[in-house]
Colleague: 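Mind looking over this structure? Questions follow.
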Amino acid sequence: MKCRARIILAVLLSSGLWLALKPTIQKRRITFLPVEWSQYLDRMDFWFNLIAFALLAAAAWLAFSPERRLWRALAWIIGSITVGNVLVEIAQTHIPGRAMDLADVVAGFFGAVIGCVGGLWVQLRCGRNESAGSPQVLFVDQTGRLGGAELMLLDLAIARAADSEVLLYQDGEFREALEQDGVKVQVLPLSGSTAAVDKQAGWLRVLQVVPELVQSVLQTALLARRFDVVYANTAKALIIGGPAAFLAGRKLVFHLHDIISAGHFSAMNRLALVFCANQFAHAVIANSEATKAAVHDAGGHVENVVVVPNGFKLTENRSTDAEQAALRANLGLPADAWIVLMAGRLTPWKGQHVLLEALRDVPDAHAILLGDALFTAEDREYAAQLRETAAQPALTGRVHLTGFRKDTQAFFDLADVIVHASVIAEPFGRVIVEGMLAGKPVIATRAGGAAEIITHEETGLLVTPGSAAELAAALRRLSDHPALASRLAAKARQTACDTYGLEAVRAKIEHVILSCASPTETHAPSTLQPVEVSP
Ligand code: UDP
């Protein structure tokens, strides 16, 4: 494509030069065109110029196939054509009988714009390879950090590493973890200001980053040509990957790990998410019934939403006594401390502050806050506040903030109880299942996905979101009644093994991918039949 485009570009450039010099040559009567033909061409000047320069710009676009700096390429091509045109027009003023014709410059400018868009369109639509075997999937995720959504994607991408690639909009430990397990990764980093647009961003904030978002959409679309399915794993991945999949003519699966509600997203972000899901997604995988219900409440189509929970490796592996002793010593935990573990990123809605409040009423308990402020400045401020609170006299020495750790298993093994304290509905809550699988009693808040995972008094205890008093009472209950704690933990482990095994979950997700990639499927996203997934 590039070679052919370069030849066309060379031909166009030389004919363009000839056209530019045409009047001069004509004066000397060495043109081979009959005079009446030249006059005819002169009358068609505007349209002739527009078409000629559109072809020139399209050839230039294809010859250089810009895939990274799209705006810069656009500016170069359109700018050079326009400047070239102006210079030719100025030169013409020196030829007797000819004057400057601004219409030619305007025609050249619009021709260049049309040509670049045409070139981009050809670039997007050509060279698509329909794969015969397993569908080729481009997983898209916005962050380089390891949140719950990324840990789920890590397992998916590793399992289909031979037929997939991951595209990230930020570099970080997520890329390292993927590459370590043989997954191909591309990073198209967003600038700091675009990356900082968070879930609560308003119109003005988003408008400022539209040019970069457009560039990311085009770059993602160019990359998506090599794949059968684009799999957007996060909200920002959908905003960029949705239009990109559409432009590249690829199927889009959206894995929804968030609750689309006012508590989690600004009005503008809710609107944009629902629009992209409705318009571009051929299937939406919601991680809980609560997440699916929120799609409906936000105005999304639920016909193509299928609920698939997160999956986890079922293993009997536990950390050794020596590892746990080392961890205890490292954190400065007394040998007989009753340990409460709260794992997850530090962010106000996760409710770490509620646990610290509850801890004042459970004087013998120690709390480990496993995790870090991963995404926003507000999270980092919150983490600093937590550290201040932890230093207060009632809590001194009893709260242990560890930062983000990859070796989470030892922490779960060390704990006597796992707490999940989100103050608003949790979309899913991986840490709850991880606690259950570790064979520990879990206390969670009664909302969203957490309330679907835990059955109160059977597989754990549920408390009212934001209620430190109820949380403290539940903690005291478990600390005072070890038999109750053991009963809940045993039932919880069995339930978690039966419901959240990684292989079963992966099979369901693969089914969704296969249904989308099926070449027989030709209807528009909004009219799709629900994807059937075996329970
Ligand atoms: N996690 C981790 N290291 C940490 C803290 C948390 O690997 O230091 C993991 C935790 O084990 C869980 C995930 O991060 O698998 C958090 O997922 P969850 O669904 O609870 O919350 P999310 O971040 O998706 O809102």
Side-chain angles (χ1 to χ4, degrees), residues 141-156 172-174 176-178 198-199 233-237 255-261 263-265 285-288 290-291 294 308-313 315 319 327 330-331 341-352 355 367-376 379 382-383 386 400-415 418-438 440 442-445 447-454 460 465 496 500 502 505:
D141 195 292
Q142 74 208 43
T143 179
R145 311 298 305 268
L146 277 166
E150 288 69 39
L151 288 166
M152 179 71 238
L153 177 56
L154 183 63
D155 286 333
L156 288 179
E173 67 261 29
F174 185 27
E176 287 163 18
L178 285 160
D198 62 16
K199 293 176 179 177
N233 194 52
T234 54
K236 213 180 264 177
H255 197 153
L256 177 60
H257 296 273
D258 296 296
I259 290 199
I260 306 179
S261 70
H264 290 271
F265 290 96
I285 298 170
N287 59 0
S288 66
T291 307
V308 183
N310 275 207
F312 301 81
K313 288 184 193 111
T315 164
S319 48
L327 193 56
N330 207 272
L331 294 173
L341 172 68
M342 187 162 170
R345 61 201 150 96
L346 305 180
T347 188
W349 70 270
K350 288 281 184 185
Q352 280 89 357
L355 173 62
I368 300 175
L369 299 187
L370 174 66
D372 210 343
L374 290 191
F375 299 128
T376 66
D379 293 351
Y382 179 67
L386 288 174
H400 312 268
L401 287 106
T402 65
F404 181 85
R405 298 280 296 246
K406 283 185 189 156
D407 53 337
T408 56
Q409 185 63 50
F411 288 87
F412 280 91
D413 293 338
L414 193 63
I418 311 300
V419 164
H420 160 271
S422 294
V423 294
I424 51 175
E426 174 78 46
F428 180 74
R430 288 175 61 89
V431 290
I432 300 171
V433 180
E434 286 164 350
M436 293 162 84
L437 287 170
K440 301 294 162 134
V442 179
I443 304 173
T445 51
E452 291 168 37
I453 299 171
I454 296 278
Y500 302 109
L502 180 60
V505 165

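Just so you know, ligand 1 is whichever comes first in the structure, and atom 1 is the first atom listed for that ligand.
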Colleague: Please round to the nearest 0.5 Å and tell me the distance separating atom CD of Glu434 and atom CZ of Phe312.
Modeller: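 One gets 5.0 Å once the value is rounded to the nearest 0.5 Å.
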
Colleague: Quick one: does Gly147 get an N or O within less than 3.5 Å of an N or O on ligand 1?
Modeller: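 It does not: no N or O of Gly147 is found under 3.5 Å from an N or O of ligand 1.
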
Colleague: Answer side chain, backbone, both or neither: which part of His420 comes under 4.0 Å from ligand 1, heavy atoms only.
Modeller: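 It is neither; nothing of His420 touches ligand 1.
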
Colleague: Does the Thr445 side chain pair with the main chain of Ala447, one donor and one acceptor, at a distance under 3.5 Å?
Modeller: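 No: the side chain of Thr445 does not pair with the backbone of Ala447.
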
Colleague: Counting heavy atoms only, name the option from Arg405, Arg430, Glu173 that's nearest to atom 20 (O) of ligand 1.
Modeller: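 Minimum heavy-atom distance to atom 20 (O) of ligand 1 goes to Arg430.
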
Colleague: Answer yes or no: does an N/O atom from Trp349 fall short of 3.5 Å to an N/O atom of ligand 1?
Modeller: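 By distance alone, the answer is no.
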
Colleague: Quick one: does Phe428 get a heavy atom under 4.0 Å from ligand 1?
Modeller: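 Not so, Phe428 does not reach ligand 1.
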
Colleague: What protein heavy atom is closest to atom 6 (C) of ligand 1, reported as residue, atom name and distance in Å?
Modeller: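 Looking at atom 6 (C) of ligand 1, the protein heavy atom closest to it is Gly344 N, 3.8 Å.
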
Colleague: What distance do Ser319 atom OG and Phe412 atom CZ have between them, rounded to the nearest 0.5 Å?
Modeller: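 Atom-to-atom, Ser319:OG and Phe412:CZ are 11.5 Å apart.
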
Colleague: Tell me which one of Leu156, Thr143, Ile285, Asp141 satisfies side chain to side chain contact (heavy atoms under 4.5 Å, CB included) with Asn233.
Modeller: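 Among Leu156, Thr143, Ile285, Asp141, the one meeting side chain to side chain contact (heavy atoms under 4.5 Å, CB included) with Asn233 is Asp141.
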
Colleague: How far is atom 5 (C) of ligand 1 from its nearest protein heavy atom, and which residue and atom is that?
Modeller: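 Its nearest protein heavy-atom neighbour is Leu370 O, 3.5 Å.
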
Colleague: Compute the shortest N/O to N/O distance between Lys406 and ligand 1 and return yes if it is under 3.5 Å, no if not.
Modeller: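 No, no N or O pair falls under 3.5 Å.
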
Colleague: Looking only at protein heavy atoms, identify the closest one to atom 17 (O) of ligand 1 and say how far it is in Å.
Modeller: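 Its nearest protein heavy-atom neighbour is Gly148 CA, 3.3 Å.
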
Colleague: Which distance, rounded to the nearest 0.5 Å, do you find between the CG of Leu178 and the CD of Glu173?
Modeller: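 Result: 11.0 Å between the selected atoms.
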
Colleague: Rounded to the nearest 0.5 Å, what separation is found between the CG atom of Asp372 and the CZ atom of Arg345?
Modeller: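 CZ of Arg345 is found 12.0 Å from CG of Asp372.
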
Colleague: Taking side chain to side chain contact (heavy atoms under 4.5 Å, CB included) as the criterion, tell me which of Thr347, Leu386, Leu401 meets it with Gln352.
Modeller: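 Going through Thr347, Leu386, Leu401 one by one, the side chain to side chain contact (heavy atoms under 4.5 Å, CB included) with Gln352 is satisfied by Leu386 alone.
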
Colleague: Are side-chain N/O atoms of His400 and Thr402 paired as donor and acceptor at under 3.5 Å?
Modeller: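 Short answer, no.
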
Colleague: Between Asp258 and Ile260, is there a donor-acceptor pair closer than 3.5 Å when you use the side chain of the first and the backbone of the second?
Modeller: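 Side chain of Asp258 to backbone of Ile260, a donor-acceptor pair under 3.5 Å: no, none is there.
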
Colleague: Counting only heavy atoms closer than 4.0 Å, does ligand 1 sit against the backbone of Thr408, its side chain, both, or neither?
Modeller: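 The part of Thr408 near ligand 1 is the side chain, not the backbone.
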
Colleague: Show the atoms of ligand 1 that are less than 4.0 angstrom away from any heavy atom in Val431.
Modeller: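 By the 4.0 Å cutoff, the relevant atoms are 10 (C), 12 (C), 20 (O).
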
Colleague: To check your reading of the model: name the closest protein heavy atom to atom 14 (O) of ligand 1, its residue, and the distance in Å.
Modeller: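 Protein heavy atom at minimum distance: Leu151 CD1, 3.4 Å.
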
Colleague: What residue and atom, counting heavy atoms only, is the protein's closest point to atom 22 (P) of ligand 1, and at what distance?
Modeller: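 Among all protein heavy atoms, the one nearest atom 22 (P) of ligand 1 is Lys350 NZ, 3.5 Å.
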
Colleague: What residue and heavy atom of the protein are closest to atom 11 (O) of ligand 1, and at what distance?
Modeller: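 Protein heavy atom at minimum distance: Glu434 OE1, 2.6 Å.
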
Colleague: May I ask you to identify the nearest protein heavy atom to atom 23 (O) of ligand 1, giving residue, atom name and distance to one decimal place in Å?
Modeller: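 Checked against all protein heavy atoms, atom 23 (O) of ligand 1 sits closest to Arg345 NE, 3.0 Å.
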
Colleague: Can you check whether Thr234 reaches His257 side chain to side chain, under 4.5 Å on heavy atoms?
Modeller: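 Thr234 vs His257: side chains apart.
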
